[in-house]
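Quick note on labels: first sequence line is chain A, next is B, and so on, each numbered from 1.
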Number of protein chains: 2
Amino acid sequence: MRQATIRDVAREANVSVASVSRTINGHSNVNPATRERVLAAVRALGYVPNAAARSLSMALSHTIGVVVPDLHGEFFSELIRGMDTAASATGYHLLLSTMHADLEEARHAIAAMNGRVDGLIVMATQAQPEELDALLPASIPAVLLNCADGGGRPVFTIDDRAGAAAIAAHFAALGKRNILHIMGPESNNDARDRRKGFEEELKRLAPSAKLTVVPGNYQEEAGRAAVRDMLNSGNKVDAIFAANDMMALGAMQELRTNALDVPGDVVVAGFDDIPLAGFLGLTTMRVHMDQLGAQAVECLTRLLEGKGGEERVRLVPDLVIRASTEKPQ
Amino acid sequence: MRQATIRDVAREANVSVASVSRTINGHSNVNPATRERVLAAVRALGYVPNAAARSLSMALSHTIGVVVPDLHGEFFSELIRGMDTAASATGYHLLLSTMHADLEEARHAIAAMNGRVDGLIVMATQAQPEELDALLPASIPAVLLNCADGGGRPVFTIDDRAGAAAIAAHFAALGKRNILHIMGPESNNDARDRRKGFEEELKRLAPSAKLTVVPGNYQEEAGRAAVRDMLNSGNKVDAIFAANDMMALGAMQELRTNALDVPGDVVVAGFDDIPLAGFLGLTTMRVHMDQLGAQAVECLTRLLEGKGGEERVRLVPDLVIRASTEKPQ
DNA sequence: TTATTCTATGTAACCGGTTTCACTATTCGC
DNA sequence: GCGAATAGTGAAACCGGTTACATAGAATAA
């Protein structure tokens, strides 16, 4: 069955399309009697305005384009949930494209959004600032997520350095002085920032502390391997900070397998606060992806309404202290 | 900066808009020299076709509208990931709306998609078939997720009954005869199906078994409470099937708190296979939300291309046997 | 050579809305 | 009771694409 158009409604109600449009959009200068006739016709025909036509003629779609990489697990859904909540609160919709790896795909995704979205939210963890800039159309506003540099565009990031620094402060306060950091992939911005933040804060608060950094890949097994190597080398650390929870959990398990007590002999902390961390009592930094998404959307809608310019927000994660660094009372 | 339009390109290349359009869309009847001039103009102006205009004139958007409830945790992201992968493989985009609770919101979300999408994928766990039918426009195809009845439309569901039956079979094979089922919310279709599938299969395979069913709400605490009640009542069950993993984990913890061995004294199984389940050794049914999403998209694209009609697919979850029902070797 | 096909291109209508502008019929001020 | 302001309405242009149709010129057939 063909969808009724505004002209069908106009014919049915014996008015012009202009009157129908005015009625639909709640303009004031419509006679109540006319309005009623139009609304009756709308109901009778089951008329629903065509969003593409409206976008075209108004040059406005009330839609936000979202381009994100293939995030794993909770993060993705929390980010989207946060965006969606903020967007629907202000009457916006979300056009979603996930971007698997390469930039060419991102370019294509963004091109396909031209005309359908009023603004863009782009998360490109690995892209270089200048690549990213070439990607984004100059014609519509964009907000970036988790980027080092936005080239004049608002950027919202998780403050990995501050988060890692909080762990360093926690370790320092506990009096730990021989510390192991299991890093994430070197290519990853987050991983580098977490290392840097941790290292700097530790040096500041406990200059005498010894810090060993070993590579990892965000997988549980990397945490295990790091602990095994540590034990084999005879290096007796008293605290471990892994760049994410999965590695921290691996490390914790391996320590216990080797009859070391956590937190008695070694304290362990991670980053992210995945659900498992709460269940297994891992101290970690809680990252609020939903807030990140919501704030990005709010910033973009502000931009779309002409108010607000560049912004640079770093969302600081919360330190969640659990049994892995604190003796049970 | 204003986006270049097709007329700008036509002027720049000294041709008509028709030639530009033909070049862009790869029609054959364009002179190579003209094509080159057009492509040069496109590059010079940074022209990107306006998707809204194209949708309008072709009555085709290459976009799929997705309306899903606010799913918790992994499910949402896996579902979307599955859809996105399948969609982008066939050149489609995803316009997402999450629907918090009420139908009015769903109606609004669907109305806003009119003209923007070629088809719909709708998941409405609580809506009645007739309500749902009234919601969906007759003008575009739709595929339903997790619905009892599609009223002629394709339906893709997780086969909760078969999944629950698999647990029943597992328990029966283990020789368990005094069994507790912790249900999900009564209002929930999934919860009712899981109970039904479990009950029926158990009756079939072990008619002598005694089954107690207690209410729950999918929260961890409900699992704990159910075990406490069970212990207080003196009912000595030897197997517990909770309608989801969180309740199963709560039950498992409470059993161990009360010095009961899992799986020695009581075996425990859940449903969903959340990441925690793997970590804590909980036997459960693995639900493949990504496959559900991907298959729904593939079905819809088939529908959009005119091939394929009604379909009813039940995706059977996999039984994953872990330490909570099986003695370690 | 002339009639006929074919290729390449342009003109203009159309998709379904919004909105400017012109116009008529009121209502208001005096 | 008359001119001015105002409310209500419709015709038509426009948004940026696609495409049916017309047409001119070149290639082919007779």
* Asked: Will you find, in the side chains of A:T98 and B:D84, an N or O donor that is under 3.5 Å from an N or O acceptor?
  -> yes

* Could you give the CG-to-C1' distance, from B:D8 to D:dG17, as a whole number of Å? -> 13 Å

* **Per-nucleotide protein contact string for nucleotides 4-20 of chain C (B base, S sugar-phosphate only, - none; heavy atom under 4.0 Å)** => ----SBBBB--BBBBB-

* Structure fact -> So ring pair (Phe, Tyr, Trp, His ring centres under 6.0 Å) across residues 132-153 of chain A, not counting sequence neighbours, yields none

* **Residues in ring-ring contact (aromatic ring centres under 6.0 Å, His included) contact with B:H62, at least two apart in sequence or another chain** => B:Y92

* Asked: Who are the salt bridge (Lys or Arg N to Asp or Glu O under 4.0 Å) partners of A:R22, not counting sequence neighbours?
  -> none

* **Residues which pass salt bridge (Lys or Arg N to Asp or Glu O under 4.0 Å) with B:R7, listed by chain and number, not counting sequence neighbours** => none

* Kindly write out the residues that satisfy side-chain hydrogen bond (donor to acceptor under 3.5 Å, both in side chains) with B:R314, not counting sequence neighbours, or none if the list is empty. => none

* Structure fact -> Rounded to 10°, the helix from C:dT1-D:dA30 to C:dC30-D:dG1 deviates from straight, judged by its five-pair end axes, by 40°

* B:D290: partners by side chain to side chain contact (heavy atoms under 4.5 Å, CB included), with sequence neighbours left out -> B:E78, B:H288

* To do: Identify, with sequence neighbours excluded, every residue that meets side chain to side chain contact (heavy atoms under 4.5 Å, CB included) alongside A:N14.
  => none

